[in-house]
Structure formats: C-alpha cells, structure tokens
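Have a look at the structure below, then the notes.
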There are 2 protein chains.
Amino acid sequence: MVDQEIAQVRRFNRTVSQRIGALEGSYLALGRPLGEARLIFELGLADGSDLRDLRGRLGLDSGYLSRLVRSLEAQGLVEVRPAPEDKRVRRIGLTDAGRAAWRQYDERSDQLASSLLEPLTVSQRSRLLAAMAEIERLVRAANIEIGVEPADSADSRECLEAYYAEIDRRFEGGFALDGGNPFDPGDAIPPSGWFVLARLQGEAVGCGALKRLDVRTGEIKRVWVSPKVRGLGLAERIMGRLECVARNAGFTTLKLDTNRVLTEAHALYRKLGYRETERYNDNPYAHFWFEKAV
Amino acid sequence: MVDQEIAQVRRFNRTVSQRIGALEGSYLALGRPLGEARLIFELGLADGSDLRDLRGRLGLDSGYLSRLVRSLEAQGLVEVRPAPEDKRVRRIGLTDAGRAAWRQYDERSDQLASSLLEPLTVSQRSRLLAAMAEIERLVRAANIEIGVEPADSADSRECLEAYYAEIDRRFEGGFALDGGNPFDPGDAIPPSGWFVLARLQGEAVGCGALKRLDVRTGEIKRVWVSPKVRGLGLAERIMGRLECVARNAGFTTLKLDTNRVLTEAHALYRKLGYRETERYNDNPYAHFWFEKAV
DNA sequence: ACCATTATCTGACATTAGTCAGATAAATAG
DNA sequence: CTATTTATCTGACTAATGTCAGATAATGGT
C-alpha cells in the first residue's frame with residue numbers, strides 16, 4: 001500500500017466525516033438522547049423487529065436496550081408485545097406518534113443530503129452522485145470478508161442451494177444434484193477438501209470449494225457469487241483465496257470443469273491464468289476443463 | 001432536487017459512515033475516553049494551540065475542556081503554560097509521551113485506511129481513490145458559504161489585498177490602487193454597493209462586489225477566488241449571488257470591465273451570458289467591457 | 001486608578017451511556 | 001417431567017459527557 005493512497009483515504013475521511021459524520025451525531029438527535037434517536041430511526045426502517053435482533057443490529061447491551069425501550073414506551077412512541085410464536089421474545093413497533101417522530105428524522109436526513117447538493121452546479125452534482133455510487137460499490141466490496149468455514153453450516157448450505165438453483169436455471173436441460181462429479185459437505189473436510197464463504201456484514205454472499213483429487217492436485221468447485229454483489233470482483237477474490245488454501249495444502253496443480261453456458265466464468269478462469277486442458281473427469285454437465293499450476 | 005439524488009446521497013452516507021464513522025468513534029479511542037482522544041488527535045495536527053482556539057474547533061464547553069486538559073496533564077501527555085503575550089490565554093502542547101500517544105492514533109488511522117484498500121484489486125483501488133478525490137473536492141465546494149458582509153472587516157480586507165496582489169502580479173505593467181475605476185469599502189455600503197464574501201469553514205476564500213452606477217445599473221467588481229479553492233466553480237457562484245443581490249436591489253443591467261490577461265474571467269462572463277459592449281468607463285486597466293440584463 | 005471585558009478555572013450538578021450479576025419466565029432437549 | 005437454554009428484565013453500579021453560575025486573574029480603555 002502506497003503512503004500516498006493511505007493519505008488520500010484519510011483526507012477523504014476527514015472531509016466526509018465532517019460533513020456526514022455530523023449527520024450521524026447529535027445534530028440529528030433532535031433533542032433526544034442519541035441512543036433513543038438511533039432506536040427510533042432503526043425501527044422506522046425495520047418496524048416490528050424483535051428486541052433480540054435490534055440488540056444485535058445496534059450492538060447494545062440487553063439491560064441498556066431494555067431501559068431505552070422502556071423510556072420510549074413511556075413517551076408513547078413504541079409498543080412492545082410478546083411474539084405470538086415464542087412468548088419469550090418481545091416484538092417492538094412504532095406507534096403513530098413514534099412514526100411521526102421517525103418522519104422528523106427522515107426529513108432531517110433528507111435536508112442534510114440536499115444541503116450538500118444544493119450549492120453545486122448541475123454538472124458538479126451529477127459528478128458527485130456518480131462518485132458516491134462508485135464509492136458505495138467499492139466500499140461494499142471491501143467490506144466482504146472471505147474465510148474458510150464448514151460446508152455444512154446453515155449459511156454455507158444456503159449458498160450451495162442458491163448455486164444449484166442458479167445452474168439448474170441456466171444449464172440447458174437443467175441440473176440435478178445426483179448427476180456426475182458430485183460434491184457434498186463431507187468433501188470439504190480438511191485434508192480432503194476446504195470450503196470458503198464470503199460474508200458482507202455477516203450475510204453469506206458467495207462461496208467456493210476445493211476438493212483433493214490426489215496428493216498434488218486439487219479441484220475448484222462450487223464457486224458462486226450472490227446476485228446482490230456481482231460486479232464487485234468477488235469471484236476473483238474467492239478464486240484467489242482458494243488458490244492460497246491450495247498452496248498451503250501442498251497442491252501444485254488446480255483443475256476445474258465448467259459448463260458451456262457459464263461464459264463469464266470462462267473469461268474469469270482465463271484471466272486468472274487457467275488453460276484449457278483435456279477432459280479429466282466424466283462430469284456430464286461439463287463442456288470445458290481447465291488447469292493451472294499454483 | 002430530485003428524490004433519487006437525495007436517496008443516493010443517503011445510501012452513500014449509510015455505507016460510508018458504517019465504515020468510516022467507526023473510525024471516528026470509540027474504536028479509535030484506544031481505551032481512552034473519546035473526548036481525551038479527540039483532544040490528543042487535534043493537538044497532533046495543531047500543536048501549540050491556545051485553549052481558546054481548541055474550544056472553538058472542537059466545540060467544547062470551557063469548563064469541560066479545562067477538566068479534559070487537567071486530566072491529560074495528570075497523565076503527562078500535555079503541557080500547559082500561559083501565552084507570553086497575554087497571560088490570560090493558556091497555550092497547550094503535547095509532551096513526548098503525548099506525541100507517542102498521538103502516533104498510536106495516527107497509525108491506527110493508517111491501518112483503517114489501508115484495511116479499506118487492501119481487499120480491492122489494483123484497478124478497483126485506483127477507481128476508489130479517484131472517486132474519493134472527486135468527492136473531497138465537491139464536498140469542499142458544497143461547504144463554501146457565500147454571504148453579504150461588510151467590505152471593511154478583517155476577512156474582507158484580506159481577500160481584497162490578495163486580489164490586488166494577484167492582479168499586480170498578472171497585469172502587464174502591474175496594478176496600483178490609485179489608478180482608474182477605484183473601489184473602496186465605502187462603495188460597498190447599501191444602497192450604493194454590496195460586498196459578498198465566500199467562506200470555507202470560517203476562512204475567507206473569495207469575494208465579489210456590486211457597485212451602483214445609476215438607479216437601474218450595477219457594476220460587478222473585485223471578484224476573486226483563493227487559489228486554495230480554484231476549480232470548484234466558486235467564481236460562478238459568487239457571480240450568481242451578486243446577480244441575485246442586484247435583482248433584489250432593482251438593477252436591470254449589470255456591467256463589468258476586465259483586463260486582457262484575465263482570460264479565464266472572460267470565458268466565465270461569456271458562459272454566464274455577459275455580452276461584450278462598448279467602453280463605459282475610463283479605467284486604464286480595462287481592455288474589455290461586458291454587460292448583461294438581469 | 002477604575003471598570004468592563006476576556007480567558008480560564010472551580011464547584012455543583014444532571015443526563016447519558018454502558019456494564020454486570022442475578023432474577024424471571026418461556027421454550028426445548030432429554 | 002426435569003434440567004438446560006434462551007430472551008428479557010431489574011437493581012446497583014461506574015464512567016463519561018455536558019451545563020451553569022460564579023470566582024479569579026490579566027488586559028485594555030478611559
């Protein structure tokens with residue numbers, strides 16, 4: 001990382017947090033304690049939440065949250081009732097008065113946003129918005145964390161299901177799990193396999209697997225990226241992580257197969273240095289076979 | 001302002017303040033109360049400040065600041081001594097230990113900045129940095145406030161001095177104030193004239209004047225933008241503001257004269273709808289004369 | 001020398017934020 | 001049915017943040 005790059009990020013942080021940080025701070029609280037204001041704002045976005053979820057989302061202590069809720073309840077801004085299906089959890093929602101309070105925060109946020117745009121010329125404004133969209137995308141990309149995880153967790157299964165559903169939709173003639181070259185979570189238990197999961201703020205948004213073929217050869221499988229985060233270069237990062245795992249495991253060659261309709265995948269494999277090679281398995285869904293020395 | 005534009009700004013705010021707002025929050029405080037941490041960080045950037053200035057910059061109550069400083073002093077991080085020229089004001093500076101503490105904050109900031117860049121590919125990284133630079137410029141532009149102010153305040157005089165110095169440097173043969181078409185602060189007292197000043201976070205960064213020629217005609221003079229903020233469209237905004245003042249004052253025509261070396265000004269005048277016209281004064285420094293109906 | 005002003009400090013508060021160890025009640029596993 | 005787990009609440013704290021009304025001392029103007 002070049003010092004100059006870091007300096008640019010820090011300059012940006014200073015400028016932006018002066019302008020936008022103010023937005024998050026007590027300026028927006030409209031005379032209410034910041035904690036209560038945050039709670040109301042959050043409820044406006046996700047009304048009818050469970051206290052349990054709120055605690056996680058806002059990172060609050062359970063005792064603290066309990067008192068905040070009590071205070072808002074006393075002010076007539078929220079209503080709390082036990083969830084019907086599990087009477088331990090309590091569900092919280094805004095009252096009409098609470099919704100009115102939320103609208104104030106919402107309007108204030110709008111005002112702050114438009115006060116940023118208002119002094120600018122039309123062309124400056126559109127450049128600002130374009131740059132904001134770009135940064136938003138890239139910051140999302142940077143927030144995605146990739147790690148080796150068990151392939152049989154709920155999150156992992158969710159990704160694999162989404163992957164199967166997608167290729168079933170896209171492959172000519174669909175896809176059935178019991179076909180050739182299968183993969184089950186047991187194939188991803190070291191040292192015979194590994195599974196990596198990508199998360200964006202906790203939510204699973206992509207995956208990939210590495211399966212041992214022999215002592216020096218691994219196979220990359222099940223690389224999938226959620227539509228929510230496509231175009232952020234995540235597939236490339238997942239591949240990179242799998243290659244890194246492979247090197248650590250002592251593999252010298254990586255292979256993979258792919259179906260002809262997955263053209264974007266072919267382009268990625270070539271870009272990453274994979275070369276087309278002869279058929280190395282009898283996967284009926286495969287039309288191309290690649291390999292790379294790592 | 002289009003709703004969609006406001007929504008984009010707010011999306012950006014959410015994304016960025018999650019990532020960067022964390023940077024400002026207690027995460028950076030390194031176990032110290034946030035107030036103390038902010039103070040140390042500020043002192044690292046502007047060592048040897050007066051308490052008075054600090055109070056303004058950080059927006060703190062004088063009693064509160066006094067206690068914060070006392071606490072840092074007890075920890076051996078800062079030294080406070082009366083200012084030699086005015087023994088009421090107290091000057092505060094970091095000790096060696098304080099500077100070491102500051103360096104920790106500085107490093108942590110660097111780490112956070114590079115953790116944002118690190119997961120990105122080279123091309124994503126350069127796109128992110130470019131977008132950040134763009135936003136920084138435009139947010140600075142949006143933070144500039146223009147208002148009618150007395151022409152004889154210290155800030156106003158400073159701008160005018162800078163203006164005179166600059167045209168003296170640029171005009172062929174220099175510029176002397178006692179030459180033709182003069183302007184003195186008295187010419188900017190309504191209803192015979194107005195003076196507008198542009199400020200970026202309190203600092204004067206540009207100015208412009210409007211002088212009455214007759215009941216229906218005004219003259220625009222002394223439009224100047226600090227080199228610090230050139231390229232942000234400020235001259236255009238100053239002109240716009242002067243035109244607005246002119247309309248409110250009942251003027252129907254605006255005139256202005258200009259020297260041939262100020263080519264960027266000519267382009268601006270034409271862009272804003274000013275048309276070249278015949279000489280209307282005997283200003284020896286003027287080569288072109290413009291006017292516009294407002 | 002006198003008075004108003006300015007910069008800071010101090011005491012006395014109030015509020016907000018946050019933590020932690022139980023207590024309670026509902027759900028769930030065995 | 002019992003033991004354990006889970007979600008929440010309560011009491012008892014501490015620390016941090018912030019406010020306000022004087023007190024104090026230096027300065028500047030007259």
Side-chain angles (χ1 to χ4, degrees), chain A residues 21-22 24-43 46 48-75 77-93 101 105 154, chain B residues 21-22 24-43 46 48-75 77-93 154:
Chain A
E24 299 292 303
S26 48
Y27 176 57
L28 257 187
L30 294 170
R32 222 182 295 274
L34 189 55
E36 292 184 6
R38 282 215 303 156
L39 198 50
I40 292 173
F41 196 81
E42 185 68 25
L43 284 173
S49 298
D50 296 346
L51 286 191
R52 177 178 45 177
D53 299 343
L54 269 181
R55 222 166 45 224
R57 254 180 287 156
L58 298 177
L60 299 173
D61 174 84
S62 84
Y64 186 28
L65 177 61
S66 180
R67 281 184 191 79
L68 281 179
V69 168
R70 172 83 41 89
S71 160
L72 292 180
E73 213 176 4
Q75 294 169 57
L77 299 173
V78 301
E79 269 172 352
V80 188
R81 61 188 71 233
E85 69 283 4
D86 180 344
K87 275 176 242 152
R88 287 172 306 178
V89 327
R90 306 241 286 151
R91 191 149 290 161
I92 181 173
Y105 292 120
Chain B
E24 299 293 303
S26 47
Y27 176 58
L28 256 187
L30 293 170
R32 224 183 293 276
L34 188 57
E36 293 185 6
R38 282 216 303 157
L39 198 50
I40 292 174
F41 195 81
E42 184 68 26
L43 285 173
S49 299
D50 297 345
L51 286 190
R52 177 179 44 177
D53 299 342
L54 270 181
R55 224 168 42 227
R57 254 179 288 156
L58 299 177
L60 299 172
D61 173 83
S62 84
Y64 187 28
L65 177 62
S66 181
R67 280 183 191 81
L68 281 178
V69 167
R70 173 83 39 90
S71 160
L72 292 180
E73 213 175 4
Q75 294 168 56
L77 299 173
V78 302
E79 270 173 350
V80 187
R81 60 188 70 233
E85 70 283 5
D86 181 344
K87 276 176 239 150
R88 288 171 306 179
V89 327
R90 306 240 286 151
R91 191 150 290 162
I92 180 171

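Looking at residues two or more places apart in sequence or on another chain, you find a side-chain contact (heavy atoms from CB on, under 4.5 Å) between B/Asp53 and B/Asp50, B/Arg57. Scanning for side chain to side chain donor-acceptor pair (under 3.5 Å) contacts around A/Ser66 gives an empty result, with sequence neighbours left out. A/Arg67 is linked by a salt bridge (charged side-chain N to carboxylate O under 4.0 Å, His left out) to nothing, counting only residues two or more places apart in sequence or in another chain. The side chain to side chain donor-acceptor pair (under 3.5 Å) check on A/Asp86 picks up A/Arg88, with sequence neighbours excluded. Remark: A/Glu79 engages A/Arg81 in a salt bridge (charged side-chain N to carboxylate O under 4.0 Å, His left out) (not counting sequence neighbours). Evaluation of the side chain to side chain donor-acceptor pair (under 3.5 Å) rule for B/Ser71 yields B/Glu36, B/Gln75 as partners, not counting sequence neighbours.
Rounded to whole Å, atom C1' of D/dT17 lies 10 Å from atom CG of B/Leu34. Atom CG of B/Leu39 is separated from atom C1' of D/dA16 by 15 Å (rounded to the nearest Å). Rounded to an integer number of Å, the gap from CZ of A/Arg32 to C1' of C/dT15 is 16 Å. Rounded to a whole Å, the CD1 atom of A/Ile92 is 14 Å from the C1' atom of D/dA7. Regarding A/Arg52, its CZ atom lies at a distance of 12 Å from the C1' atom of C/dA26, rounded to whole Å. Spacing between atom CG of B/Leu68 and atom P of D/dA15 amounts to 16 Å, rounded to whole angstrom units. B/Leu60 has its CG atom 15 Å from the C1' atom of C/dA7, to the nearest Å. Straight-line distance from the CG atom of A/Asp50 to the P atom of D/dT6: 16 Å, rounded to whole Å.
Each of B/Gly35 and A/Leu51 was matched to the nucleotide of DNA chain D holding its nearest heavy atom; the match closer to the 5' end belongs to A/Leu51. Place B/Asp53 and A/Gly59 on DNA chain C by their nearest nucleotides, and B/Asp53 ends up nearer the 5' end.
In this structure, the separation between CZ on A/Arg52 and CG on A/Leu65 is 13.0 Å, given to the nearest 0.5 Å. A distance of 10.0 Å separates CG in A/Leu60 from CD in A/Glu42, rounded to the nearest 0.5 Å.
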Between the protein and nucleotides 20-22 of chain C, are there any N/O to N/O pairs under 3.5 Å, and if so, what are the atom names and distances?
none

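The side-chain heavy atoms of A/Leu39 and A/Leu58, taken from C-beta on, include a pair separated by under 4.5 Å.
Using a 4.0 Å cutoff on non-hydrogen atoms, the parts of residues 80-91 of chain B near DNA chain C are B/Arg88, B/Val89, B/Arg90, ordered by number.
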